[in-house]
There are 2 protein chains.
Amino acid sequence: MRRFLMDVDDETLQHIPKYLRIQQELLHYIRSNEWGPGAKIPSEAELCDQYQVSRGTIRRALDELERQGLINRSPGKPTVVNTPKIPLLSSGFRTDIARKGMKPGTKVLRIHVVKVPPDIAPLLMVSENTQLLLIERVISADDIPIIIESAHVARLVDTITAEEVESTSLLELIPAKCHVNLARAVESYEPIALTKAQAQLLACRAGNLGIKDQAVLYDGENRPVYVSTAIVRGDKARIVTETSFHVHA
Amino acid sequence: MRRFLMDVDDETLQHIPKYLRIQQELLHYIRSNEWGPGAKIPSEAELCDQYQVSRGTIRRALDELERQGLINRSPGKPTVVNTPKIPLLSSGFRTDIARKGMKPGTKVLRIHVVKVPPDIAPLLMVSENTQLLLIERVISADDIPIIIESAHVARLVDTITAEEVESTSLLELIPAKCHVNLARAVESYEPIALTKAQAQLLACRAGNLGIKDQAVLYDGENRPVYVSTAIVRGDKARIVTETSFHVHA
DNA sequence: GTCGTTTAAATGTATAGACAAGAAAAACTA
DNA sequence: TAGTTTTTCTTGTCTATACATTTAAACGAC
């Protein structure tokens, strides 16, 4: 029978809420690998008994762990500890997954001509109401969906097929179709909580942590070629970039 | 008197939980700037009345918005809408804040010789139990704390003063003190929920979204010079990087 | 045995109520 | 008027309960 700490260091109990103390203790079991990847953790009812608190308090502790991608919950099934993250080289996710010996997969959601969204228009330096190509796809590694990528292409090219998008990096495909070379990329990263729609595409839970990686790609004349917005699952991947410094001397 | 939508599109009510519908509606008021930065939003009790739900449901809706950094809550005070994010150029946060016309501030937490943590040792290619210099500081913009930066320096230099750390970018300071040039940086980004300790240093709430930016800096001979771990507030800043592609042909 | 049904167990949503803690406004006192 | 105390309003924590939804196991009929 598992024993829980909780009341061990009562002298340091300085008004830390119960749900936090429980959360920290459960975190300890996971970090210390006492509960390894795939391990079932006690049910909410069992935790209620063991900690002598109400279910709401237990759920609040588990909520936090779930958001951080440490555990997987779903109704009907017991809650299990998650597996660690895959490092992903930014710019060229597809290529990088293959390089790591995993099987890259791509599911094309749509390739459509759409009106430019108001937040994308200034980045591409086009006026509103401009029609341009939108490519949306989900990239997976070993059949686990990891990234939702959507790209707005500045020029209206119509020779891009779903097959090409399924098998090629946008970093290669789009410049080739637009007959330009990419020279520069400006990317911004911000943490997000996944929406229900995003979570559905990524086969995980709404509210989980993710990174929104928005990139603007420029050609040699500093004209924007396309804007890419990638939603990356925070529980399965982290983004890795490499920078070289110009040596001055 | 404010009017809420909620029951407008009842025909599309396809089992979306109440707390989510409410959350989306509040989000709409914020995004549409109907509730601009600094605006007070109705109290929980008022929202209960207006939506005819229990307080728990309202709080659950607000929790999500708070985590995304869209609102600021604190006991005793009414809840207000937050101000937008600052874009931060990665590598050289201090410098970048100044360039944006904001007042950069630095508070040194400690400059100490410590035993290398087990997760840092392999990155710096040193053996365990090695003693090395740890620099910890909080960087702020216009007196708002934005980043907790902690750096482990591979070589044991002892001529670094708190004054230097307060006024200089580590990207310049450390290479100068170690008598090397930086040639390359490998950074990884992952979304996190701020811990209580981190939130305290950043004057925000535990559980808020943030980005953990871990960078390893190398010299010209590809030897690691230092490892920097930055915890960036997700509600106040986003990280921006710029990449140049090598033109081949 | 195999297919379909029932049952149990797990998480998800929602309610109502109680008390604590912090901050600001109101009332009071000097 | 100025300073202090009290009150009130706000968010934070916690409980207990109820029912819904999903999954898997147990059971039965064939």
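Since this is a predicted model, take the numbers as computed values, not measurements.
- Side-chain contact, B:K236 with B:N82: a donor N or O sits under 3.5 Å from an acceptor N or O.
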Nucleic acid footprint by protein, nucleotides 5-13 of chain D - heavy-atom cut-off 4.0 Å, B for base, S for sugar-phosphate alone: -----BBBB
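- Separating the CG atom of A:L47 from the C1' atom of C:dA9 is a distance of 15 Å, rounded to the nearest angstrom.
- Between B:K212 and B:E187, none of the side-chain N atoms (NZ, or NE/NH1/NH2) sits under 4.0 Å from a carboxylate O, so this pair counts as no salt bridge.
- Residues A:L65 and A:Q23 have side chains in contact (heavy-atom distance under 4.5 Å, counting atoms from C-beta outward).
- At whole-Å resolution of the value, CD1 in A:I16 and P in C:dA21 are 15 Å apart.
- No donor-acceptor distance shorter than 3.5 angstrom exists from the side chain of B:R55 to the backbone of B:C48, with no hydrogens or angles considered.
- Taking atom CD1 on B:I58 and atom C1' on C:dT13, their separation rounds to 14 Å, with Å as the unit.
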Let's go through A:R67 and B:E64 carefully: what are the C-alpha distance in whole Å and the side-chain angles of both, what is the deciding distance for salt bridge (Lys or Arg N to Asp or Glu O under 4.0 Å) to 0.1 Å, and is it a yes or a no? CA-CA 11 Å; A:R67 299 174 68 79; B:E64 222 20 68; 3.1 Å; yes
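- Considering all non-hydrogen atoms of both residues, A:V81 and A:G36 come closest at CB-O, 3.3 Å.
- For A:L65 and C:dT11, the CG to P distance is 13 Å, given to the nearest whole Å.
- We find that CZ of A:R21 is positioned 15 Å from C1' of D:dC14, with the value rounded to whole Å.
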